[in-house]
Asks: 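Handing you this structure, nothing more for now.
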Amino acid sequence: RVNRQDFMDALNEVTPAFGVAKEELEMVIQNGIIHYDHTIDEILRSGQLFVDQVRTSTRTPLVSLLLHGPPGSGKTALAATITRSSDYPFMKLVSPDDMVGFSEGQKVQSISKVFSDSYKSPLSVIVVDNIERLLDFTPIGPRFSNAVLQTLMVLLAKRPPKGRRLFIIATTSLRPILTDLGLSESFDSEIRVPPLSSLAALENVVNEVELIPKPSELQRTMQMLEQAGFGAQDDTGLNIGIKKLLSVIEMARQEPEAVGERLVTSLMGL
Ligand code: ATP
Ligand code: MG
């Protein structure tokens, strides 16, 4: 007879001991992924190709990808989305948010632990989020943790043991400093995550979150944005990360009588 204990044991067997941190991934994709532009699909598709490559090619047991772009452009959420859809048995997010108050040594230890845990799984994906913050980078000086830098360099280059495969996705808002630190050569590939730069993309977001359901009202708002110069194709036009845009939208929503105006003035004030 199957009793409760057998049932609990079976549950424990299918729950991996470490590594699969789905909740962690869900947390950073809180607002979902809005396909406001073809670039989003392209980034996700490229990510999927790497996932497939690591899974199937015996020649590339280690693949690393750098997602870079301005603050709030959606790097972490996209890295987490690629990771989640890989469905590898080991998926882990290494985030500076989880290392607040850590000493340099504790950081090094915690990062190394994630990698050594991953080597026990046949297939792993690790997101190394916000490299500059992991490194405690400060432009003044400039200063950074050399111990963390050395650790990352070693781990990015280290082939997992025989029969193991690892996909590393790192993110940064400070792409140029990685070159200065000698870290950019450590990546097999890089993808830029751009900010929103067209009114069409912005309109897609506004529609997706149902900020201005009334078509005439939406049209009026888009005209105001156009008149305010946001339609320009050069760098005087729209230039905003999805993270910021979503927070501006939620603020505008608080004023139901004049959502459109509120959105336009908030964007102009940035
Ligand atoms: P930071 O530079 O501060 O690290 P980031 O570039 O990592 O920021 P995220 O933290 O990923 O940006 O924030 C993006 C937010 O926007 C998330 O809440 C995510 O759910 C939401 N989002 C909606 N659509 C998209 C999209 N197409 N791509 C990325 N994120 C999106
Ligand atoms: Mg981020």
Side-chain angles (χ1 to χ4, degrees), residues 21-48 50-51 64-86 91-100 107 111 114 125-139 144 148 152 168-178 183 187 190-212 238-253 263 266-267 270:
K22 285 220 165 113
E23 299 79 11
E24 242 171 41
L25 298 172
E26 304 294 341
M27 281 245 291
V28 299
I29 326 172
Q30 238 168 32
N31 299 303
I33 297 292
I34 301 170
H35 295 255
Y36 55 78
D37 210 64
H38 62 93
T39 53
I40 300 304
D41 303 279
E42 280 159 20
I43 293 167
L44 292 176
R45 187 145 30 86
S46 308
Q48 185 60 47
F50 287 115
V51 164
S64 57
L65 168 67
L66 179 66
L67 294 184
H68 62 93
S73 58
K75 304 172 295 293
T76 304
L78 290 169
T81 302
I82 294 166
T83 301
R84 187 181 55 178
S85 67
S86 78
M91 302 186 274
K92 186 93 183 130
L93 179 66
V94 175
S95 164
D97 295 341
D98 301 328
M99 297 185 200
V100 175
K107 276 192 187 178
I111 297 168
V114 170
V125 52
I126 299 174
V127 177
V128 182
D129 198 27
N130 213 324
I131 293 192
E132 66 275 16
R133 268 185 56 218
L134 276 179
L135 291 173
D136 273 321
F137 181 84
T138 341
F144 58 91
V148 174
L152 285 178
I168 304 166
I169 310 175
T171 78
T172 182
S173 306
L174 293 175
R175 170 70 190 79
I177 69 147
L178 297 199
L183 201 54
F187 292 94
E190 3 185 302
I191 300 178
R192 183 172 130 85
V193 182
L196 279 89
S197 61
S198 78
L199 282 182
L202 182 143
E203 190 172 350
N204 287 337
V205 175
V206 168
N207 278 327
E208 184 68 29
V209 302
E210 297 172 342
L211 179 71
I212 310 172
L238 188 71
N239 186 319
I240 188 171
I242 181 69
K243 196 175 176 179
K244 183 92 200 170
L245 178 59
L246 289 174
S247 83
V248 166
I249 283 177
E250 288 322 305
M251 269 161 60
R253 215 194 276 282
L263 178 67
S266 306
L267 287 173
L270 290 178

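First listed ligand is number 1; within each ligand, the first listed atom is number 1.
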Asks: Between CG of L25 and OG of S86, what distance do you get to the nearest 0.5 Å?
Replies: 8.5 Å
Asks: Is there a polar contact between ligand 1 and S73, counting only N or O atoms under 3.5 Å apart?
Replies: yes
Asks: Can you tell me how far the CG atom of L135 sits from the OG1 atom of T138, to the nearest 0.5 Å?
Replies: 10.0 Å
Asks: Taking N, O or S atoms only and a limit of 2.8 Å, check whether S173 reaches the Mg ion (ligand 2).
Replies: no
Asks: Which atoms of ligand 1 have any heavy atom of Y36 under 4.0 Å away?
Replies: 27 (N)
Asks: Over all heavy atoms of both residues, which pair between A77 and I29 is shortest? Give the atoms and the distance, please.
Replies: O-CG1, 4.0 Å
Asks: Is there a nitrogen or oxygen of I40 sitting under 3.5 Å from a nitrogen or oxygen of ligand 1?
Replies: no
Asks: Would you tell me whether S95 and D129 have side-chain atoms, one donor and one acceptor, within less than 3.5 Å of each other?
Replies: no
Asks: What residue and heavy atom of the protein are closest to atom 23 (C) of ligand 1, and at what distance?
Replies: G32 O, 3.1 Å
Asks: If you have a sec, work out which protein heavy atom is nearest atom 7 (O) of ligand 1 and how many Å separate them, to one decimal?
Replies: T76 OG1, 2.7 Å
Asks: Please report the closest heavy-atom contact between N204 and Y36, naming both atoms and the distance.
Replies: ND2-O, 2.9 Å
Asks: Could you tell me which atoms of ligand 1, counted from 1 in the order shown, lie closer than 4.0 angstrom to a heavy atom of S173?
Replies: 2 (O)
Asks: Per the side chain to side chain contact (heavy atoms under 4.5 Å, CB included) rule, which among K75, R192, R175, K244 passes with P70?
Replies: R192
Asks: Distance under 4.0 Å to a non-hydrogen atom of I29: what atoms of ligand 1 satisfy this?
Replies: 20 (O)
Asks: Run the numbers for me: atoms of ligand 1, each under 4.0 Å from some heavy atom of L246, listed by number.
Replies: 16 (O), 21 (C), 23 (C)
Asks: So which protein heavy atom does atom 25 (C) of ligand 1 come closest to, and at what separation?
Replies: I34 N, 3.6 Å
Asks: Check ligand 1 against P71 and write out every atom of the ligand that is under 4.0 Å from a heavy-atom position of the residue.
Replies: 2 (O)
Asks: Just going by heavy-atom distances, which of M27, E132, Q30, K243 is nearest to atom 10 (O) of ligand 1?
Replies: K243
Asks: Can you tell me how far apart CD1 (I169) and CG (L66) are? Round to the nearest 0.5 Å.
Replies: 11.0 Å
Asks: Who's closest to atom 8 (O) of ligand 1 heavy-atom-wise, of G72, S247, G69, P70?
Replies: G72
Asks: May I ask you to check whether S197 and N239 show a side-chain donor-acceptor distance below 3.5 Å?
Replies: no
